[in-house]
Structures are given as C-alpha cells and as structure tokens.
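Below is one structure, written out as structure tokens; comments come after it.
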Amino acid sequence: MLNLIGKTLKELEQILLPYVKEPYRVRQIYHWIYQRNAKSFFEMTELSKDLRRRLDENFSINYPYKEREIPSKDGCIKFLFKLSDGKKIESVLIPEVNRNTFCISTQVGCKMGCIYCLTGKMGFKRNLEVEEIVSQVLILLEKVKPRDRRVNIVFMGMGEPMDNLENLKKAITLITDPNGIAISPRRVTVSTIGIPGTLKSLREIAKPPKIAISINSLDEEKREFLMPATKKFKLSDVLKEMESLKLRKGERITIEWVLIKNINDGEDEIERIKKLSRKVPIKVNVIPYNFSPLLPFERTEEKDAENFALKIEREGISVTVRRRRGEDISASCGQLAIIDEK
Ligand code: SF4
C-alpha cells in the first residue's frame, strides 16, 4: 500500500485525485500527516467517515518501527529504528537550553569510509527513502513537548547526505514547508564531505539549508588518509565550489574539524585554515574525536580541542568546540553504527 509520508502537497493532490475532489481536503490530510503526526486516517476527524475508510483501504501512513530508545546520562536519546526491509538506522535527540537538536540519518551505512567514523566501518547498505528521512524528524518531534519547531535539524547521522541528494532535497522541502513540518531552513544543516557539484545543487532548492563541510585537514594527502573517498573528490574542487557558492548576507560556511591527536592538530593546519578564511567566509567547528575500541585513535581531550580552537580564534576566525553529548550511549559524532547489520 502506498505510504503517504514523504509525499509533497502536489504529489498528494495527484495521488488522492480519485478519492478527494476538494483541494482543501488534501491540505487537511497533508496537515494531519506533517503537523499532527497522524498515524491513521481515522484520526483525521475533519474528513467524513466514508473518506477515512476509503483512504485506509488504499493508502498507509507508515513510520519505521522504533525498536529502542536509549537515554544518555546527559539527556540525549538515541533512537534505533527498524525499516520495512529489516535494516536499521539511528537518530539522536540532543536537548539543549531553549532548543533541541535532531541528528538525522540519510543512509543505511555509508560508502565514504572515513577512518574516524563507525558508520564508515559498516559499509554502505542503501539510501534512505524520503519517508524514512522525514519520519525520523516526525518521531523525534513527538518527544518535544509541547511540539516545538524551534529545533535544529542536522543531517549528521548515518550516511553521507549528498550521496542521497534527491531524497535529501525533497525531505528538506517537506521539513521546511510552513504547511508541512514547518522548521525554518536556518535551523537545518547538512554536513557533508563535499562531493563536488552537490553543494550548488543543494543550494538551488527553494529554502536551502546551511552547509557544514567536513574538511578535517587542508593537506590533500592527510585528508585522503582520513577520508578515503576524497581520493575521488579532490580538496581543490571542494574549495573551488565553496568559493563559488552564493551565501546569504552574513552567512559563513561551517568547516568541521574532527580533531585527532598528532594527526591534524598542528600549526601547519592552523596556517592553512587561516589562508582559507581569507578566501571564503568560514567558521570552524572543532569536534574532539570520540574514542571507539574499533577505531585506531586516542580519545581527544576537551582541553586539547579548546587549545586548537584558541589558536584559530587568535587568527580572527570564528570557532566553536562541539560539546560531547551522548558519549555513554555511543551517540556522539562518528559513533553511530549498526555493527551487526547484515
Ligand atoms: S563521517 Fe559521514 S561521510 Fe564519513 S563515513 Fe561517517 S557517515 Fe560517512
């Protein structure tokens, strides 16, 4: 049965044409799905009983099965979802003062193989469908009471979002539609290793999200070591594309820097960051590497990340250090993985 989650208003109008003649009825159904998290057509009390029955006989509103919710000591919650084909993904709700951040997955596994990331170790299974991306947001919104759209959506969960570009773009359209999930595009960030050609394409949608690029090293060879997929996507091409992006007034591109001791924490990197900042408006987000027994690096201490950030700041560059969250439940950056996934 066709799942209506993940469909745009236009698509719903087409799909429901044989059942619903009045456009305002379709808008009501759209509203029930994206604003009121309806799980069944029978909840849609504005519709006649007969219409609800016919919709129920022909369509579904299908969410992935929430297999587990794992709470962290610091308030984060990791969600484990089982998809219709049995594959599993994770999402994370990160509560903060005055807002919540949702870390959303776009693929089952990932092909990019970054050596500091457990998802990369899983290998690639498949892209998520639009409804599977959007459902994560809808389910996590249910945990935010009263339903509060002042949430930040970060596509930093499992997978390389730009490797699933068309589904990502459609999901963002639904997430940012004021009649849909209604989250401001300024609160949506896509984190990518920067596949050339995709940045421009993403910025062309009606309400483009913010972009964060995992740079991690501005030395080509070192970057290729850390992120083997970048052997195909050269750093110079990524930088060229960054330079050519039309940014909103005052907007800066976030450079993500997973800081790993003795790998990418040297003065030479600070110098390169400084040079880049003279060409492109950037802000740097330093992410202390999170330890995993399955990966070959030492845990980066907060004080080392702070020191690195301080050196960047002294160059007049805006910089933040990402606070570790959900480390005790393996929900921090680079720790999401379904290792036993077949
Ligand atoms: S860091 Fe992102 S792109 Fe790299 S392997 Fe992990 S999920 Fe994939």
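Quick caveat: nothing in here was measured; it's all calculated off a predicted structure. Ligands are counted one by one from 1 in listed order, and the atoms in each one are counted from 1 as well. Sequential numbering from 1 along the given sequence is applied to the chain's residues.
For CZ of Arg248, the number of neighbouring non-hydrogen atoms (other residues, nucleotides, ligands) closer than 6.0 Å is greater than 12. Few gaps surround CZ on Arg53; more than 12 heavy atoms of other groups in view lie less than 6.0 Å from it. In Lys246, the NZ atom is not crowded: 12 or fewer heavy atoms of neighbouring residues, nucleotides or ligands sit closer than 6.0 Å.
A ring-centre distance under 6.0 Å is not found for Phe81 and Tyr63. Aromatic pair Phe297/Tyr289: ring centres closer than 6.0 Å.
For a distance threshold of 2.8 Å, the protein N, O or S atoms nearer than that to atom 8 (Fe) of ligand 1, listed by chain and number, are Cys110 SG.
Using a 3.5 Å distance cut-off with no hydrogens or angles, the side chains of Glu256 and Ser214 do pair a donor with an acceptor.
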